[in-house]
K.L.:
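Pasting a structure below so you can have a look.
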Amino acid sequence: MNNQNNLNKQQREAVLEIESPVLIFAGAGSGKTRVLTQKIVHLIESNIYPAHKILSVTFTNKAATEMKTRVKSMLPEMNDSSLSIGTFHSIAARILRFEAQYLGYERSFTIYDTEDGKKLIKDIVKEMDLNASMYNARNILSIISSNKNNFVSPDELREKSKNPYETKMADIYEKYQERLINNNAMDFDELLLQPLYLFRDFPERLEFYRQRYQYILVDEYQDTNKPQFEFVKYLAGDHQRITVVGDDDQSIYGWRGADITNILEFEKTFPDANIIKLEQNYRSTKHILKAAHSVVKHNTKRSPKELWTDNNDGSLITLKQSEDERGEAKFIVSRIQRSYKSDNKKFGDFAILYRTNAQSRAIEEKLIHGTIPYSIVGGLKFFERKEIKDVLAYLRLIANVKDNISFERVVNFPTRGLGMTTIRKLSIRAGQLNQSLLEAMETTETLEIRPAQKEVMKKFKVLIDDLKSQSDSKPAVEICRSLIKEISLEAHYLNQNSEDEADRWNNVEELIRGIELFCDENPEAKLSDYLENVSLQTDLDRWNDAKDSITLMTVHSAKGLEFPVVFITGLEERLFPLRVNDEQDLDEERRLFYVAMTRAKEKVYLTHAQFRRRYGGDAPSYMMRSEFIDHIPSEILDEIKLPANKKISTGNYPDLEFWQANSYRGQKNKLAGDKQIEGEGDFKVNQIVDHKMWGRGKVLSIEGMGEKAKITVLFSGDIRKKLIAKYAGLKLLSS
DNA sequence: AAGCGAATACTTTTT
DNA sequence: GTATTCGCTT
């Protein structure tokens, strides 16, 4: 029997209370994962709730895996497949595979990611003959998503609309939903909504799942959105056997629909709830907690509380100002090298956190230069790489013949001579027959296309049909291997004699190894099981903390993790905090900073730069240091300032005025000294010009005459560009 | 139909 | 710096 002696009073109370609902406010580092795992163990050992009747929901697959491992280590004799632990999305997907037929779907449905959704929108916008720049796919998708998350249907949106634009938006939304069903596909939001329709319309299915999940635990409760709360309510609203853990100070997913009122609603839905607060922190030093609290306490809507710890004061928070992002990176690398040599630290002890993925580049460069091993989470994710998505699209099409998005992706990859015109004809046929594109290929013979195209089309159809017929009996990895052989993918990448293409092939090989691993671990799994697994996997899930390397990731990704030493970078206005529209946004940025700080056990470095390049080689912007820094008491800060000769002054930065004019704070007073001359005019060598994208530059050479002239311009940051006078839209500035 | 060069837009954060 | 799109050439 495991006992709870290693728990404090509140933790023990949270574990032992299993009769009435429990709402745990668990501050950062207060041992909530330990409470949740101990509670699961306790539920099983109390013999009231067998393992297979417990549902535990976490925020990431990684957290789920960790929890499973921990429970298993405490209950070695337990059958490991009996516990239901997973994210909302993966649990919903599992349910929907079984219940698809109730909902107008087939169990082989595909899960669409954001890119697939965007493509769907683009197709719709094109078909409706709307202006693609006005109806931006990304925007539309996020509008649709927030409507879905607020249970607003296309019809309701149309009724609410105040102008033609919004009406059109509702039309696109409606078509988008139709397409999802026609393609037998669900996006991430639909995955959460469909179980609610099932529970609402089929009471006997609801009853089944209520019996199935007799005790429910929810982690990171502050990040749940409305559909997720409804899901919990359906399952636990009746029996009231539920424990949720959350921390309002760590709510950082408001932009994704996370709804902090879910905490208030909890007490309404579960009126007898016990509220337990875990306020002792076991992770960080006193200084770290103080700095974290000094920022988050400025939030307006916040239940007042302060974590405390028995740990030492620890070292001061180091605050470093750098010239630019390269200097910042250099400082970080030198500190890690120093600490690695003298403090007996491993590389795995360090994490470098930033607000946006784009910031990783400069740091990576310096790490490569210093030959320090690092692993990066996020950014261009493995499963978002083109070559990976191409292979997966084939597999998705094999699993689900209605998936037109995947069809379009692979029908001419590798190129086999099926272009737009041919596919358009096929598409019209599919529309007439009310079939998917692949299904309509059955009628290739009667299409008005050239014989060569007919031949290729038939071959393609046979290829997919053939692999499909094997997909139920053979493991996914074999299907994948046959596919790659059939389409000669290896030759396609390796015959081009290009390093990039060879890299792509390496990635495909890594994908195959991944599929193989999955098949070994899940011998019963079919192709669609593998596909579901990949669709819901995040980059974080692939991150391996056993490897001894520095971790680079966004603050969002870092939630739930801990490291001895943490660098929080880019602490500048308009970066961290990022663009802020209202007080609510700023509150969330403060919580984000709080999350970043509380990842650290021993030491925090805060860094900011005077100048930062926003895009590739753009002129650097002048950056103000973050207001968060000013909220930290100076007595716990150890500030390393820039040497006086590196401080900004017009002497060191001849273009300072220009940069300031281009930065946010200086936007109001555009540079007055330069006279702007409209039109093409006469370009001369050494002429100073202004470009919309690259800013101010100097003309190096001119080829040709008039509007067709090719002009080579040197822009700030050693960027050379060859531009055509007619299109470049260059403005002449007096030199 | 496909491949190239050039211009454009884009970056929050993620299941 | 990357993804994407467009126009032009073959």
Side-chain angles (χ1 to χ4, degrees), chain A residues 57-62 64 86-93 111-115 118-119 122 132-133 136-139 142 145 149 186-192 220 223-225 227-228 252-258 353-362 364-365 377-381 383-386 412-423 450 452-453 456 535-541 553-559 570 574-581 585 588-589 591-592 595-596 613-618 691-694 710 717 719 721-724 726-729:
Chain A
V57 192
T58 59
F59 198 66
T60 61
N61 292 307
K62 191 181 181 311
T87 63
F88 273 107
H89 289 87
S90 67
I91 286 161
I111 298 170
Y112 276 178
D113 66 12
T114 319
E115 198 189 318
K118 253 162 52 184
K119 207 158 183 192
K122 270 184 201 162
S133 60
N136 169 283
R138 241 177 67 93
N139 281 343
S142 82
S145 173
N149 285 327
M186 298 192 200
D187 61 17
F188 292 131
D189 300 318
E190 211 59 36
L191 233 32
L192 299 175
E220 306 283 12
D223 290 326
T224 53
N225 62 19
Q228 288 167 334
I252 55 174
Y253 285 95
W255 51 274
R256 206 174 81 186
L353 308 183
Y354 34 77
R355 180 69 235 281
T356 64
N357 280 307
Q359 286 165 256
S360 71
R361 187 166 301 280
E364 275 184 90
E365 275 171 22
V377 177
L380 213 205
K381 299 172 186 78
F383 290 106
E384 285 169 13
R385 287 169 188 276
K386 190 187 171 302
N412 201 26
F413 170 82
T415 44
R416 45 172 77 87
L418 296 175
M420 271 229 308
T421 6
T422 314
I423 299 308
R450 280 181 286 181
Q453 267 76 20
V456 180
S535 305
L536 299 176
Q537 225 178 65
T538 67
D539 216 39
L540 188 62
D541 302 323
M553 59 170 100
T554 63
V555 181
H556 281 89
S557 298
K559 194 166 75 148
R574 291 219 131 196
L575 185 59
F576 196 2
L578 201 77
R579 190 200 315 148
V580 169
N581 292 323
D585 288 350
E588 186 149 316
E589 296 288 322
R591 292 192 293 266
L592 210 42
V595 167
R613 290 163 188 83
R614 278 199 97 89
Y615 303 104
D618 206 355
H691 186 276
K692 208 173 151 193
M693 185 66 191
W694 294 292
K710 283 182 188 163
I719 307 288
K721 287 280 164 192
K722 209 175 230 185
L723 306 161
I724 301 198
K726 191 178 168 184
Y727 304 109

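Residue numbers start from 1 in every chain, and the chains themselves are labelled A, B, ... in the order their sequence lines are given, proteins ahead of strands. The structure presented is a predicted model; accordingly, all values stated were derived computationally and were not measured.
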K.L.:
Examine B/dA1: is either OP1 or OP2 under 4.0 Å from a nitrogen or oxygen in the side chain of A/Arg416? Give yes or no.
P.N.:
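No, outside the criterion.
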K.L.:
With 3.5 Å as the limit, what N/O pairs link the protein to nucleotides 3-7 of chain C?
P.N.:
unit_1, atom_1, unit_2, atom_2, d
C/dT5, OP1, A/Lys122, NZ, 3.0

K.L.:
How many Å lie between CD1 on A/Ile111 and C1' on B/dT15, as a whole number?
P.N.:
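Nearest whole value for this atom pair: 10 Å.
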K.L.:
Which pair of heavy atoms, one from A/Ala93 and one from A/Leu536, lies closest together, and at what distance?
P.N.:
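Residues A/Ala93 and A/Leu536, closest heavy atoms: CB-CD1, 4.0 Å.
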K.L.:
What's A/Thr421 touching, base or sugar-phosphate or nothing? Going by heavy atoms closer than 4.0 Å.
P.N.:
sugar-phosphate
K.L.:
Among B/dA1, B/dT11, B/dT15, which is the nearest nucleotide to the side chain of A/Thr87?
P.N.:
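Output: B/dT15.
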K.L.:
Nearest whole Å is fine: how far is B/dT14 P from A/Asp189 CG?
P.N.:
16 Å
K.L.:
Looking at residues at least two apart in the chain, or sitting in another chain, which of them share a ring pair (Phe, Tyr, Trp, His ring centres under 6.0 Å) with A/Tyr253?
P.N.:
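For A/Tyr253 the ring pair (Phe, Tyr, Trp, His ring centres under 6.0 Å) partners, ignoring immediate neighbours, are A/Phe59, A/Trp255, A/His556.
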K.L.:
Classify the nucleic acid contact of A/Leu578 as base, sugar-phosphate or nothing, counting any heavy atom under 4.0 Å across all strands shown.
P.N.:
base
K.L.:
Contact class for A/Asn357 vs. all strands (heavy atom < 4.0 Å): base, sugar-phosphate, or nothing?
P.N.:
sugar-phosphate
K.L.:
Going by 5.5 Å between centroids and 30° between planes, is there a stack of A/Trp255 over B/dT13?
P.N.:
yes
K.L.:
Quick one: salt bridge (Lys or Arg N to Asp or Glu O under 4.0 Å) partners of A/Asp189, sequence neighbours excluded?
P.N.:
none
K.L.:
By nearest nucleotide on DNA chain B, pick out whichever of A/Arg355 and A/Glu384 is the more 5' one.
P.N.:
A/Arg355
K.L.:
Counting just side-chain N and O atoms, does A/Thr114 come under 4.0 Å of either OP1 or OP2 of B/dT14?
P.N.:
no
K.L.:
Could you list the residues that satisfy salt bridge (Lys or Arg N to Asp or Glu O under 4.0 Å) with A/Lys119, not counting sequence neighbours?
P.N.:
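A/Lys119: no salt bridge (Lys or Arg N to Asp or Glu O under 4.0 Å) contacts found.
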K.L.:
Does B/dT13 have OP1 or OP2 sitting under 4.0 Å from an N or O in the side chain of A/Thr554?
P.N.:
no
K.L.:
State whether A/Asn136 places a side-chain N or O below 4.0 Å from either non-bridging phosphate oxygen (OP1 or OP2) of B/dA9.
P.N.:
no
K.L.:
Who are the salt bridge (Lys or Arg N to Asp or Glu O under 4.0 Å) partners of A/Glu365, not counting sequence neighbours?
P.N.:
none
K.L.:
Identify whether the distance between the nearest side-chain nitrogen and carboxylate oxygen of A/Arg361 and A/Glu364 falls below 4.0 Å.
P.N.:
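No, A/Arg361 and A/Glu364 are not salt-bridged.
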K.L.:
Report which part of the nucleic acid A/Asp113 touches: base, sugar-phosphate, or nothing (heavy-atom distance under 4.0 Å, all strands).
P.N.:
nothing
K.L.:
For a quick check of understanding: with a heavy-atom distance under 4.0 Å over all strands, which category does A/Phe88 fall into, base, sugar-phosphate or nothing?
P.N.:
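Touches nothing.
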K.L.:
Taking only the P atom of each, what is the distance from B/dT13 to C/dT4 in whole angstrom?
P.N.:
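Taking atom P in both B/dT13 and C/dT4, they lie 16 Å apart.
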K.L.:
Using whole Å, report how far CD of A/Glu589 lies from P of B/dT12.
P.N.:
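In whole Å, B/dT12 P and A/Glu589 CD are 12 Å from each other.
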K.L.:
Identify whether any heavy atom of A/Thr422 sits under 4.0 Å from a base atom; if not, whether one sits that close to sugar-phosphate; answer base, sugar-phosphate or nothing.
P.N.:
sugar-phosphate
K.L.:
Please list, chain by chain and in numerical order, all residues satisfying salt bridge (Lys or Arg N to Asp or Glu O under 4.0 Å) with A/Asp541, sequence neighbours excluded.
P.N.:
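Salt bridge (Lys or Arg N to Asp or Glu O under 4.0 Å) list for A/Asp541, sorted by chain: empty.
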